[in-house]
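Contents: one structure, followed by commentary.
What you are looking at is a predicted structure, and each value in this text was computed from that prediction instead of being measured. A note on names: the letters A, B, ... follow the listed sequences, proteins ahead of strands, and every chain is numbered from 1.
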Protein chains: 2
Amino acid sequence: MQKYVDTLKRSQLFYGVGDSEIVAMLNCLQAKMLIFKKGDYIFREGERIDHITVLVEGKILVQHDDFWGNRNIVNVIRVGEMFGEAYVAPESGALLNDVIAEEDSSVIFFDIKRILTVCSTACRFHSMVVQNLFFSISEKNRSLVQKIGHMSKRSTRAKLLSYLSDEAKRHNSNRFTIPFSRQQLADFLCVDRSAMSNELCKMRDEGLLKFDKNEFILL
Amino acid sequence: MQKYVDTLKRSQLFYGVGDSEIVAMLNCLQAKMLIFKKGDYIFREGERIDHITVLVEGKILVQHDDFWGNRNIVNVIRVGEMFGEAYVAPESGALLNDVIAEEDSSVIFFDIKRILTVCSTACRFHSMVVQNLFFSISEKNRSLVQKIGHMSKRSTRAKLLSYLSDEAKRHNSNRFTIPFSRQQLADFLCVDRSAMSNELCKMRDEGLLKFDKNEFILL
DNA sequence: ACTCCTTTGTTGTAAATACAACAGACTTGT
DNA sequence: ACAAGTCTGTTGTATTTACAACAAAGGAGT
């Protein structure tokens, strides 16, 4: 776990906390690391959890498959981001989605009780971590609202434009790489892959954008 | 503001805090109440805020209109619930939606700095309020994920069934009242009102459900 | 270099949806 | 009680989407 202290320092949860404090807190919070292979389930829909997690290596998808076989990719978790904050409240109920390793991934687990309870020993940065937890979940909240904004558009083209222009804004550049394959992007925007592919190519032919694999340039 | 102490006691933010403590904290946190008429904007998209709000009377809609005139109702805020938690973090950026009074409403505003800063005087319940803030935003997070679950369904009928069965589960009853008019429900599920109305009546004729105004019974 | 497998683009068709237009029921205010 | 306005249900049509099936391109492993 020691090798990931640098990653943790740049994570949402430990933002503003120094190296030595992080090492101390890993102990104080009794953190545990687990390694998952691509395709492994980290959590399953319906599970109840009492740990929050920080991804220190790999990529994770939060997704849901209905019984018609349609997949809905709810969120992507990247290195330094968290998962589980929304499901550790006393009355939160069971997970609404599956959480799956999209690449080989390393995940650190923290017992929520230990984070919310002020520890008796001297963890100076404990309250900062609690505040970071709040800011982190509020950021996730906003990203869900943005996703809803994309999905709310009526046509496939409008959904694509909404998503792509948002990504451009997020990267402060009209040139950016998306974290999705075509099928995954379709599952994220909840549209048909072939129709989306078709629409993307039409938009390219009309000179609205260029793309190569997962790299897009808006014009 | 005093007349709403009972309401605040049952609110997300002050859950577990006693009457006298609430009165003390209204002072300590320098809370301010504003009254809005039906149709008034409480916040506008693009605004930056540093207060969280608790609704003590009325009903509020969080919504977004795009330039094709399509309205997307992102969330409903009912008495006792909050708005703004997701936008008071230092780097949160501007509001992504409009916040509008759907009925005449009374709203109490709290400066986020005063909530996150432990006060020098004796507010014993201050840390409980911070924890409530975290639980409250995590609940909102889950309700957004549920809404995404409804919207992700491909057909209007599947969207309706997803939403209605969720409401039934939430009310622990197959008979319940929804907080939306038909147009609002369509805006919430992001479908065409007439197509949705049509689908609802088909489902009624097939014996799947009954409804009268906003009251639904699933069969 | 070869095969196997995955991903992406392409096309046609059937099905679903958005849109417009309207009628009837219900509200609200005078 | 009346008029004006809103909400809901209904229908037809044009548009859009989902689905299936396939071809081409790219990658992984032998």
Side-chain angles (χ1 to χ4, degrees), chain A residues 37-39 61 65-73 102-104 150-164 177-206 208-216, chain B residues 37-39 61 65-73 102-104 150-164 177-206 208-216:
Chain A
K37 290 224 168 300
K38 175 174 179 174
L61 293 184
D65 297 295
D66 66 21
F67 50 65
W68 293 285
N70 290 315
R71 173 164 297 172
N72 171 20
I73 295 178
E102 160 72 9
E103 305 170 355
D104 293 354
H150 308 323
M151 290 176 66
S152 74
K153 300 293 185 294
R154 297 309 167 88
S155 68
T156 298
R157 172 175 291 217
K159 288 184 175 91
L160 279 168
L161 285 173
S162 175
Y163 170 72
L164 292 172
T177 301
I178 67 172
F180 296 126
S181 70
R182 290 291 182 280
Q183 180 65 60
Q184 289 176 330
L185 179 56
D187 290 340
F188 182 75
L189 297 176
C190 299
V191 296
D192 182 68
R193 180 198 61 78
S194 64
M196 186 193 77
S197 190
N198 194 313
E199 201 65 36
L200 270 176
C201 292
K202 274 192 213 160
M203 287 159 76
R204 180 195 54 198
D205 297 344
E206 289 173 25
L208 285 173
L209 48 78
K210 287 197 278 193
F211 55 85
D212 179 48
K213 304 245 173 67
N214 292 0
E215 185 178 9
F216 285 76
Chain B
K37 290 222 168 300
K38 175 174 179 174
L61 293 183
D65 298 293
D66 66 21
F67 50 65
W68 291 286
N70 291 316
R71 173 163 297 171
N72 170 20
I73 295 179
E102 161 71 9
E103 306 169 356
D104 293 356
H150 308 322
M151 292 176 66
S152 74
K153 300 293 184 294
R154 298 307 167 87
S155 69
T156 298
R157 171 174 293 217
K159 287 183 175 91
L160 280 168
L161 286 173
S162 175
Y163 170 72
L164 292 173
T177 301
I178 66 171
F180 297 125
S181 70
R182 292 290 183 280
Q183 181 65 61
Q184 289 175 332
L185 179 56
D187 290 340
F188 182 75
L189 297 176
C190 298
V191 296
D192 181 68
R193 180 197 62 78
S194 65
M196 186 193 76
S197 191
N198 195 313
E199 201 65 35
L200 270 177
C201 293
K202 274 192 213 162
M203 286 159 76
R204 180 194 53 197
D205 297 343
E206 290 174 25
L208 285 173
L209 49 78
K210 287 197 278 192
F211 55 84
D212 178 47
K213 305 245 173 65
N214 293 358
E215 184 178 11
F216 284 76

Given atom [atom1] of [X] and atom [atom2] of [N], what is their separation to the nearest angstrom?
| X | N | atom1 | atom2 | result |
| --- | --- | --- | --- | --- |
| R193(A) | dT16(D) | CZ | C1' | 18 Å |
| M203(B) | dT10(D) | CE | P | 14 Å |
| D212(B) | dT8(D) | CG | C1' | 12 Å |
| E103(B) | dT28(C) | CD | P | 12 Å |
| K159(B) | dT17(D) | NZ | P | 12 Å |
| K202(B) | dT17(C) | NZ | C1' | 11 Å |
| D187(B) | dC19(C) | CG | P | 12 Å |
| Q184(B) | dT8(D) | CD | C1' | 14 Å |

Plane angle bin for Y163(A) and H150(A) - parallel if under 30°, tilted between 30 and 60°, otherwise perpendicular: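 Perpendicular.
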
Side chain R204(A) and base dG9(C) donor-acceptor under 3.5 Å: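 No, no donor-acceptor pair under 3.5 Å.
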
Out of [options], whichever nucleotide has its closest atom nearest the side chain of [X]:
| X | options | value |
| --- | --- | --- |
| N198(A) | dT11(C), dT17(C), dC19(C) | dT11(C) |
| D192(A) | dC19(D), dT8(C), dA18(C) | dC19(D) |
| R154(A) | dA21(C), dA21(D), dA18(C) | dA18(C) |
| T156(A) | dC19(C), dT17(D), dT10(D) | dT17(D) |

Check: [Y] main-chain N/O paired with [X] side-chain donor or acceptor under 3.5 Å:
| X | Y | result |
| --- | --- | --- |
| Q184(A) | S181(A) | yes |
| K159(A) | L189(A) | no |
| R182(A) | K213(A) | yes |

Considering every strand and a 4.0 Å limit on heavy-atom distances, what is the contact class for [X]: base, sugar-phosphate, or nothing?
| X | value |
| --- | --- |
| S155(A) | sugar-phosphate |
| S181(B) | sugar-phosphate |
| K213(A) | sugar-phosphate |
| S194(A) | base |

Residue met sooner reading DNA chain C from 5', once R157(B) and D205(A) are mapped to nucleotides: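 Nearest-nucleotide comparison on DNA chain C picks D205(A).
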
N or O in side chain of R182(B) less than 4.0 angstrom from dG9(D) OP1/OP2: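 The answer is yes; a side-chain N or O of R182(B) sits under 4.0 Å from OP1 or OP2.
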
Side chain to side chain donor-acceptor pair (under 3.5 Å) partner of R71(B), the single match among D66(B), D65(B), D187(B):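 Of all the options given, the one that passes is D65(B).
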
